[in-house]
Amino acid sequence: MLKAYNIESDLIINPFNSTEILYAFHDIDGTHSLIREWPPVMSICLDYVIRNGVCDGFDSKENERILIEAAGKKALPETDKFCVESAGLSALTQMEWAIRRSVEEGNISVNCDMDTNSEIINRIWNGEEIFDDLLETDEMNTLLKDKTPRLFKLYEAVLNGYCRDKNLEKAKNNPSEFQVKGSMEFMRFLKEHGVKNYFVTGAVVEKGMGMYEEVETLGYKIGKDEIVEDIIGSTWTEKIPKEMVMRKLREELNISGKNILVVGDGRAEILAGVEMGSVVMSRLPKSAQYQRNLHETLGSNIIVEDYLNDDIYRILH
């Protein structure tokens with residue numbers, strides 16, 4: 001049995017009631033895996049769409065090559081900041097934001113209510129993903145249904161060419177190089193104390209491919225009674241917010257939120273964990289002061305740089 005204790009520690013930023021931990025829901029990118037250096041890739045892809053729209057050829061192989069070369073080469077203030085603010089959201093939501101910004105800038109022409117479009121842009125920036133209370137035109141819905149998945153696939157292709165493929169090959173020989181320090185030991189510690197671990201991600205999950213392949217390459221075996229019970233993510237065409245993924249998983253497990261440890265580095269999983277009443281741990285570098293302040297405001301209970309700090313095991317024992 002494992003309990004989380006509200007001890008005196010510099011790691012605890014928002015106190016919580018001591019509670020038994022039976023399950024742990026973990027984000028992957030930046031929380032445990034360092035294979036995907038995704039922010040510069042997403043930033044350049046979103047910036048391109050905002051400035052150029054989604055005309056014929058936006059997702060061509062030639063443009064893919066150009067974006068791979070351009071990624072990370074210069075600061076892109078708006079999209080760089082958006083990547084920080086939107087970390088943890090469904091990738092389809094992030095793509096939708098850029099398309100809507102391009103409409104707002106006049107670089108995509110579509111029949112829509114511009115006030116509604118701007119409202120959704122602001123809501124996405126603030127972490128929302130579902131907008132059922134707002135009416136959209138058929139033309140806008142058709143545009144998003146077609147272009148958003150295509151932009152998502154372009155982003156993934158650019159990500160593969162920029163870092164993912166070469167890092168995955170390196171990880172096959174030296175997995176620890178691409179794990180957050182102490183990650184594997186932390187996951188094993190949880191499992192050995194009866195906690196069932198689940199990975200949740202905004203990336204597409206297909207067995208043997210993509211994120212699934214990365215997780216297994218890093219040594220996190222997936223399956224019943226393995227170090228990770230399951231990995232749950234998105235699809236190419238269906239927006240599945242992490243809040244929905246985590247809530248549905250909690251309901252399927254028939255477990256109270258107070259018995260769940262949520263570990264992540266993005267707004268979405270942190271806020272979802274807080275709303276479930278879970279014990280929430282943020283994994284953020286010490287240099288990421290803006291994100292640390294944001295997570296404290298969102299209600300995260302614990303912030304760690306990695307999983308080597310002994311206080312982690314004083315809080316959880």
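Since the structure is predicted, the reported quantities are computational estimates derived from the model, not experimental observations.
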Review point. Does a donor on one side chain sit under 3.5 Å from an acceptor on the other, for Asp80 and Ser43?
Key: yes
Point to revise | Pair His32, Ser183: side-chain N/O donor-acceptor within cut-off below 3.5 Å | key: yes
Review point. Looking at Cys45 and Tyr155, what are the two nearest heavy atoms and their distance?
Key: SG-CA, 3.9 Å
**Study point:** Audit row: Ile50, Asp47, side chain to side chain contact (heavy atoms under 4.5 Å, CB included) steps and yes/no
**Key:** CA-CA 5 Å; Ile50 292 171; Asp47 176 75; 5.5 Å; no
Review point. Salt bridge (Lys or Arg N to Asp or Glu O under 4.0 Å) between Arg101 and Glu104: does it pass, once the steps are laid out?
Key: CA-CA 5 Å; Arg101 278 286 294 115; Glu104 193 174 51; 2.9 Å; yes
**Study point:** Qualifying residues under salt bridge (charged side-chain N to carboxylate O under 4.0 Å, His left out), relative to Asp138, sequence neighbours excluded
**Key:** none
Review point. Where is the tightest heavy-atom contact between Tyr5 and Ile12, given as atom of each residue plus distance?
Key: O-CD1, 4.1 Å
Review point. Passes side chain to side chain contact (heavy atoms under 4.5 Å, CB included), Asp59 versus Lys153? Steps please.
Key: CA-CA 8 Å; Asp59 54 351; Lys153 289 181 179 180; over 6 Å; no
Check your understanding: When hydrophobic residues are tied together by side-chain contacts of less than 4.5 Å, even through go-betweens, does Trp97 share a cluster with Phe58?
Key -> yes
Review point. Within the side chain of Asn174, is there an N or O that forms a donor-acceptor pair under 3.5 Å with the backbone of Lys170?
Key: no
Exercise for review: For the pair Lys239 (side chain) and Glu129 (backbone), establish whether a donor and an acceptor sit closer than 3.5 Å, ignoring hydrogens and angles.
Suggested key: yes
Review point. Where is the tightest heavy-atom contact between Leu67 and Leu154, given as atom of each residue plus distance?
Key: CD1-CD2, 3.9 Å
Point to revise | Remaining members of the apolar cluster that contains Met187, side-chain heavy atoms under 4.5 Å | key: Ile28, Ile35, Leu168, Phe178, Met184, Phe199, Val205, Met211, Tyr212, Val215, Leu218, Tyr220, Ile222, Ile227, Val228, Ile231
Check your understanding: Are a donor atom and an acceptor atom from the side chains of Gln289 and Asn293 found within less than 3.5 Å of each other?
Key -> yes
Check your understanding: So, the side chain of His295 versus the backbone of Arg292: is there a donor-acceptor pair under 3.5 Å, distance only?
Key -> no
Check your understanding: Are Phe189 and His193 near enough that their ring centres are under 6.0 Å apart?
Key -> yes
Check your understanding: How far apart are the C-alpha atoms of Met281 and Leu316, what are their side-chain angles, what is the distance that settles it, and do they pass the side chain to side chain contact (heavy atoms under 4.5 Å, CB included) test?
Key -> CA-CA 11 Å; Met281 178 185 292; Leu316 299 169; 4.3 Å; yes
Point to revise | Contact summary for Glu269 and Val262, nearest pair of heavy atoms | key: O-CG1, 3.5 Å
Review point. Are Ile124 and Leu271 linked, directly or through other ILVMFWY residues, by side chains that come within less than 4.5 angstrom of each other?
Key: no
**Study point:** Residues Phe16, Val280; criterion side chain to side chain contact (heavy atoms under 4.5 Å, CB included); working and verdict
**Key:** CA-CA 9 Å; Phe16 57 91; Val280 181; over 6 Å; no
Review point. Is a side-chain donor or acceptor of Gln94 paired with a backbone partner of Ser86 at a separation under 3.5 angstrom?
Key: yes
Study note, to complete from the structure: Exactly one candidate in Glu136, Glu105, Glu119 meets salt bridge (Lys or Arg N to Asp or Glu O under 4.0 Å) with Arg100; the answer is Glu136
Point to revise | Backbone N/O of Ile21 and side chain of Asn259: donor-acceptor pair under 3.5 Å | key: no
Check your understanding: Which atom pair, heavy atoms only, marks the closest approach of Gly202 to Lys242?
Key -> N-CE, 3.7 Å
